[in-house]
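In each ligand, atom 1 is the first atom listed, and ligand 1 is the first ligand listed. As the structure is a computational prediction, the values presented were derived from the model and not from experiment.
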Amino acid sequence: MSEKRLVMLGPPGAGKGTQAQWLCDALDIPHLATGDMLRGAVANNTEVGQQVRPFMEQGRLVPDDVVVNVVVEAIDEAKKTTPNGYVLDGFPRTMRQADALQKVLAKRKEKIDKVILINTPDEVVQERLMQRRSCPDPLCGAVYNVKSKPARTAGICDNCAKTLIVRDDDRPETIRVRQQPNRRFTVR
Ligand code: ADP
């Protein structure tokens, strides 16, 4: 199969993760979601995790150079087992990230094949994020919706039986910050 390098764009809560997973299953390529990677780093308390924790807890974007490094490492790692491509979900999210990605790919004589934009109205996104429940285990990372995709047993992950949580950045006050077009502020 020819390589497929895809990018999913859209506001937080647009449904990128769900659509990306379908694509990955259909094309047999890995789903590289920056949010999952960064949450994994925080959960494992790695050096990157300690660096990004304050940004993520407040729903702010983490610094470009940190995310770019995390993504490039993930692309390299994915290539070892699945050379057919990948779906990037949650990246790039700023012009600098897009430029950095393009530079890295150009050096390798590679390019992004398709960019898919999922545009969802703010009100729909807000409702979905408040209904979202997530598995806290970074190795599981399952996502539920209390209305449209409830867990089999309320509050318990179907896959790993951990107690589901509302992500810190899915709380109403943080959702409002995440919806601002430019949410890059200094963390106090
Ligand atoms: P959402 O798309 O709902 O914001 P994600 O799971 O994609 O959720 O991301 C969670 C958090 O991780 C973001 O709020 C942000 O702090 C950080 N993050 C994820 N991707 C990026 C990125 N490309 N650039 C900067 N920060 C990011």
Should you measure from each heavy atom of [X], which atoms of ligand 1 turn up under 4.0 Å away?
{"X": "R39", "answer": "6 (O), 10 (C)"}
{"X": "Q97", "answer": "22 (C), 23 (N), 24 (N), 25 (C)"}
{"X": "R132", "answer": "3 (O)"}
{"X": "G90", "answer": "20 (N), 21 (C), 22 (C), 23 (N)"}
{"X": "R60", "answer": "15 (C), 16 (O)"}

Specify side chain, backbone, both or neither for L61, according to which of its non-hydrogen atoms lie closer than 4.0 Å to ligand 1.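 It is both backbone and side chain that touch ligand 1.
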Determine whether the side chain, the backbone, both or neither of K16 has a heavy atom under 4.0 Å from any heavy atom of ligand 1.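 It is the side chain that touches ligand 1; the backbone stays farther off.
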Give a yes or no on whether a salt bridge exists between D113 and K4, defined as a side-chain N under 4.0 angstrom from a carboxylate O.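 No.
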Decide salt bridge (Lys or Arg N to Asp or Glu O under 4.0 Å) for D76 and R108; before the verdict, give the C-alpha distance in whole Å, the side-chain angles of both, and the deciding distance to 0.1 Å. CA-CA 11 Å; D76 289 341; R108 304 171 177 193; 2.9 Å; yes
Where P150 and Y144 come nearest, the two heavy atoms and their spacing: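 Nearest pair, atom of P150 first, then Y144: C-CD2, 4.1 Å.
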CD (E57) with more than 12 external heavy atoms under 6.0 Å: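 Atom CD in E57 is packed in, count exceeds 12.
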Out of L129, T34, L38, V125, who is nearest to atom 18 (N) of ligand 1 when you count heavy atoms only?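 Considering heavy atoms of L129, T34, L38, V125, the nearest to atom 18 (N) of ligand 1 sits in L38.
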Looking at ligand 1, is there an atom of it that comes within less than 4.0 Å of some heavy atom belonging to M8?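 It does not, in that no heavy atom of M8 comes within the 4.0 Å cut-off of ligand 1.
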Are R167 and ligand 1 in contact, using a heavy-atom cut-off of under 4.0 Å?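 The answer is yes: ligand 1 sits under 4.0 Å from a heavy atom of R167.
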Who are the salt bridge (charged side-chain N to carboxylate O under 4.0 Å, His left out) partners of D168, not counting sequence neighbours?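 Listed in chain order: R171.
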Report yes if some heavy atom in the side chain of R93 is under 4.5 Å from a heavy atom in the side chain of T34; otherwise report no.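 Heavy-atom side-chain distance check passes, below 4.5 Å.
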Going by atom type alone, with no hydrogens or angles, which donor-acceptor pairs under 3.5 Å involve a side-chain atom of residues 8-26 and a protein atom two or more places apart or on another chain?
unit_1: K16; atom_1: NZ; unit_2: G10; atom_2: O; d: 2.9
unit_1: K16; atom_1: NZ; unit_2: P11; atom_2: O; d: 3.3
unit_1: Q21; atom_1: OE1; unit_2: H31; atom_2: ND1; d: 2.9
unit_1: Q21; atom_1: NE2; unit_2: D25; atom_2: OD1; d: 3.0

